[in-house]
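Below: one structure, written as structure tokens.
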Amino acid sequence: MTGRVVVVGASMGGLRAAEQLRAAGWTGTITVVGDEPHMPYNRPPLSKEVLAGKAPFESLAFTPKAAAADVDWRLGTRVAAARLAERTVVLDDGSEIPYDGLVVATGMRPRRLRCPGPLAGRHTVRTIDDAQGLREELTRPGARVVVVGAGFIGCEVAATAVALGVTEVTVVDPLPLPMVGPLGELLARALLKRHEERGVRFALGTGVAGFEGEDRVTGVVLSDGKVLPADVVVESVGSVANTEWLAGNGLDLTDGVLTDEQLRVGSRPEVVAVGDVARFPNARYDGASRRVEHWSIPADTARHAARTLAAHLAGGRCESAPFAPLPTFWSDQHDFRLQSFGAPVLGLDDVRVLDGDPEGDVLVGYHADDRLVGVVALGGHSAAMGAARYRAQLLKQPALTA
């Protein structure tokens, strides 16, 4: 094969896409463009081991497979636009790269609070530079930390801050319980209790109205009028898809990049999307198109999208079954782990304890139409292994729409 595939995004999804294109038989040029100066690295440790000072960057970096050793990496370079009709991407310096195939792998960036007040002292956690900068502030004696957002990253950062010896850590969220959206009330209440027992404070059912301070943050003003003293603020209020460079091409970019069941973008078989920027229908469930921000998704989407794209570039048809991954996530907080398989969010109306007790190690099942669609374990190693035992059962089940 001759020609060029351009992969826009040099994180895990971009790397896996390049590797899987080689595995699928593409022998032409592969150019990966990424705005970070680093080679692809593992992001989940950023809010835990990196923030705790236990993992240098070298331990996070992925080693590309030998088959992808000839990939052309253009790091520290941003793609400003794409002209899909012309099969060209435009870099921020105005130069252009033509392509025969395009992989969209630009991922997400942290959403920022739009509140009055200073910016200094306010952090997000998405890149290695973010985590290293935040660590410097957390390790200052007497630091008072406010985490805005009680989701995965917010809870992990709060747990890490406590482990570092920070004595005042408060998590703020407008919802009544931490992680109640993905987990439901039963596990969210158990999670809240565990965090409080380990020293994390919570201000729930309230948002942030602004920040006090002149040159840097000294306090967080809540929507109920209360002010929380703060030297360090971590904003963990969701993500925004990096899709602006695709504007003007007639694509559905309302929440990430809409794809079909083979991860093709729009009506263009030469364009595919991978990772958490892709909004795809999952044939395993109800067929609705969703983005999935789990660690397993970059590799899963890359494998399928590479086969789809390689088949098209070879002049054939994609013969793969519709994309149907089993979502998987885990989250280490304090001395316990959340481990999940499946899609708990589809079964929040019917949550049952399968094993254990919410006061200790517990395994919870999520059901839709009386069918198990997801499991989540909370606790130690035995609880996580309990969840893993349901993986095969979840994989064998027919689609919800079947």
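Note: hydrogens, waters and symmetry copies are ignored here, and every other heavy atom, side chains too, is used. Positions are given from 1 along the sequence. These numbers were taken from a predicted model, which means no experiment stands behind them.
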Among residues at least two apart in sequence or on other chains, which ones pass side chain to side chain donor-acceptor pair (under 3.5 Å) with Glu196?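 In terms of side chain to side chain donor-acceptor pair (under 3.5 Å), with neighbours along the sequence ignored, Glu196 is linked to no residue.
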Report yes or no: does [X] contribute a side-chain atom to a donor-acceptor pair with the main-chain N or O of [Y] at less than 3.5 Å?
| X | Y | result |
| --- | --- | --- |
| Asp72 | Thr31 | no |
| Tyr285 | Ala324 | no |
| Thr259 | Ala273 | no |
| Asp350 | Gly347 | no |

Atom of [X], atom of [Y] and distance for their closest heavy-atom approach:
| X | Y | value |
| --- | --- | --- |
| Leu191 | Met179 | CD2-SD, 3.5 Å |
| Val90 | Glu96 | CG2-CG, 4.2 Å |
| Leu395 | Arg284 | O-NH1, 3.0 Å |

Look at Glu359 together with Arg189 and state whether they make a salt bridge at an N to O cut-off of under 4.0 Å. no
Measure up the [X] and [Y] rings against each other and bin them: parallel (under 30°), tilted (30 to 60°), perpendicular (over 60°).
| X | Y | value |
| --- | --- | --- |
| Phe323 | His304 | tilted |
| His334 | His195 | perpendicular |
| Phe57 | His38 | tilted |

Distance (rounded to the nearest 0.5 Å) between Leu15 CG and Trp73 CH2: 4.5 Å
Asn242/Thr106 under side-chain hydrogen bond (donor to acceptor under 3.5 Å, both in side chains): CA gap, chis, key distance, verdict: CA-CA 6 Å; Asn242 294 315; Thr106 39; 5.6 Å; no
